[in-house]
Amino acid sequence: MTTIKGPYYADVVVPCFNEEEALPETAPVILDFFRTLVADRSNRLTGFRLILVNDGSSDGTWSLIERLCAANPEVEGVMLSRNFGHQSAMLAGLTIADADVILTMDADLQDDIEAVRGMISAYEDGAHLALGVRNDRSSDGRGKSGSANAYYRLLSALGIRIIENHADFRLMSRTALAALLQYREVNLFLRGLIPTLGFPVTLVPYARKPRTAGETKYTLRKMLRLALDGITSFTVMPLRIIAATGAVIFLGTILASLFFLYVYFAHSSDIVPGWASTVLPMLFLGGVQLLSIGVLGEYVGKIYLETKRRPRFIIQETTSEALDANVRAEIEKAEAA
Ligand code: UDP
Ligand code: MG
């Protein structure tokens, strides 16, 4: 592994959706933390920029971000034209970030910012990816951590490699980020893409804390959407399971038909056919078919969305010339492709 010799800069990307309650408390903490880190001579981090991405908030988040920018030279703001969702908001920030290392974290600081020290030193020791891993989810509540565990088991049963308890709290080297940005899919599940990148990875454990202020911005609907993306973006196993189920049912039907023929000829036709034996298979097959069509539809829908190659986020404005230039460069790249 190569180790970092020269000084380096960091971009810290924070997606914000209706965070007017949390940001006034968390932004100063993030700024203080990184200022201290820069001043600390035991690492070679020489500067940072805090990129706050406003993901179409309907509250005062953007004016708050503008005020933070005016008051702190390190803060930059990016405003998306509407709500694109956590993953896309993060991607927007990542796409226009250009420092040597790029960090992502949530606006509510549920993820212990002290873990960044471990990420920085992992980077200096040659890691291209330093991933925060929650080793204590008690603050998440039984429902959330229980469903997360069940979901991880489902993913691994389907053969999807994922780093358990790693959300989107991570450090990426410029090189690793460039590789990540080559993935052009519209349906983003960033944490699932990370293990497919390769590169030296370091896991940095930390305890997950309660939200600093405000309510969770992940509605059940958004969470289910993300969970489904996590599966359908990485495996066609559900389609195979459908095919296998279909084959088993088909075989079963042939065997049953043979059996019925046998009964019919061997015991004459005086047996009254049962109601249950007619209706139950019908309901069962109808159910299996509808479910299968639903799963197929999920994939077809995904193909439909991907082939349109629509932009994954739209930036309305930023607070700096430098970021504006990066946005323009990104648009030109997309037009050329
Ligand atoms: N977020 C976002 N767009 C959304 C939903 C959430 O940018 O549509 C941001 C939110 O502001 C926060 C992060 O994603 O910075 C994680 O959201 P939250 O803390 O509400 O999720 P939880 O921690 O409850 O899973
Ligand atoms: Mg949170």
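Remember, it's 1-based here, ligands and their atoms both numbered in the order they're listed.
Counting only N and O atoms by type, the side chains of Tyr183 and Thr196 include a donor and acceptor under 3.5 Å apart. Side-chain contact annotation: Asn135 with Tyr206, donor-acceptor N/O pair under 3.5 Å absent. Asn83 and Lys222 share a side-chain donor-acceptor pair at under 3.5 Å. Side-chain contact, Thr212 with Glu25: no donor N or O sits under 3.5 Å from an acceptor N or O.
Ligand 1 has a nitrogen or oxygen under 3.5 angstrom from a nitrogen or oxygen of Pro15. For ligand 1, the polar-atom distance check finds an N/O of Thr216 within less than 3.5 Å of one of the ligand's N/O atoms.
For Thr307 (side chain) and Tyr304 (main-chain N/O), a donor-acceptor pair under 3.5 Å exists by modelled atom type. Using a distance-only test at 3.5 Å, with no hydrogens or angles considered, no donor-acceptor pair links the side chain of Asp32 to the main chain of Arg35. Without hydrogens or angle criteria, Tyr123 side chain to Met172 main chain gives no donor-acceptor distance under 3.5 Å. The backbone N or O of Leu131 sits nowhere less than 3.5 Å from a side-chain atom of His166 that would complete a donor-acceptor pair.
The proximity of Asn83 to ligand 1, defined as any non-hydrogen pair under 4.0 Å, is limited to the side chain. At a 4.0 Å heavy-atom cut-off, ligand 1 touches Cys16 through the backbone alone. Residue contacts with ligand 1 for Asp106 involve both N, CA, C or O and side-chain atoms from C-beta outward (heavy atoms, distance under 4.0 Å). With a 4.0 Å cut-off on non-hydrogen atoms, Glu19 touches ligand 1 through its side chain and not its backbone. Contacts between Met223 and ligand 1, counted as non-hydrogen atom pairs separated by less than 4.0 Å, are absent for every part of the residue.
Of all protein heavy atoms, the one closest to atom 23 (O) of ligand 1 is Gln110 OE1, 2.6 Å. The closest protein non-hydrogen atom to atom 21 (O) of ligand 1 is Tyr218 CD1, 3.3 Å. Distance from atom 3 (N) of ligand 1 to its nearest protein heavy atom, with residue and atom name: Asp55 OD2, 2.6 Å. For atom 8 (O) of ligand 1, the nearest non-hydrogen atom of the protein is Lys222 NZ, 2.7 Å. Protein heavy atom at the shortest distance from atom 1 (N) of ligand 1 is Phe17 CB, 3.7 Å. Summary of contacts: the protein heavy atom closest to atom 14 (O) of ligand 1 is His86 CD2, 3.0 Å. For atom 19 (O) of ligand 1, the nearest non-hydrogen atom of the protein is Asp108 OD2, 2.7 Å. The nearest heavy-atom contact from the protein to atom 20 (O) of ligand 1 is Lys217 N, 2.4 Å.
Across Arg211, Lys144, Gln87, heavy-atom proximity to atom 25 (O) of ligand 1 is greatest for Lys144.
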field: Derivation of the salt bridge (Lys or Arg N to Asp or Glu O under 4.0 Å) call for Asp98 and Arg49
entry: CA-CA 10 Å; Asp98 54 17; Arg49 186 164 58 161; 2.9 Å; yes

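Proximity of the aromatic rings of Phe84 and Phe313 is defined here by a centroid distance below 6.0 angstrom, and this criterion is not met. Aromatic pair Tyr218/His86: ring centres closer than 6.0 Å.
At least one heavy atom of Arg208 sits closer than 4.0 Å to an atom of ligand 1. No heavy atom of Met90 sits closer than 4.0 Å to any atom of ligand 1.
With the Mg ion (ligand 2) as vertex, Gln110 OE1 and Asp108 OD2 subtend 100°, rounded to 10°.
Both Val14 and Val116 are assigned to one and the same hydrophobic cluster, defined by single-linkage of ILVMFWY side chains at heavy-atom distances under 4.5 Å.
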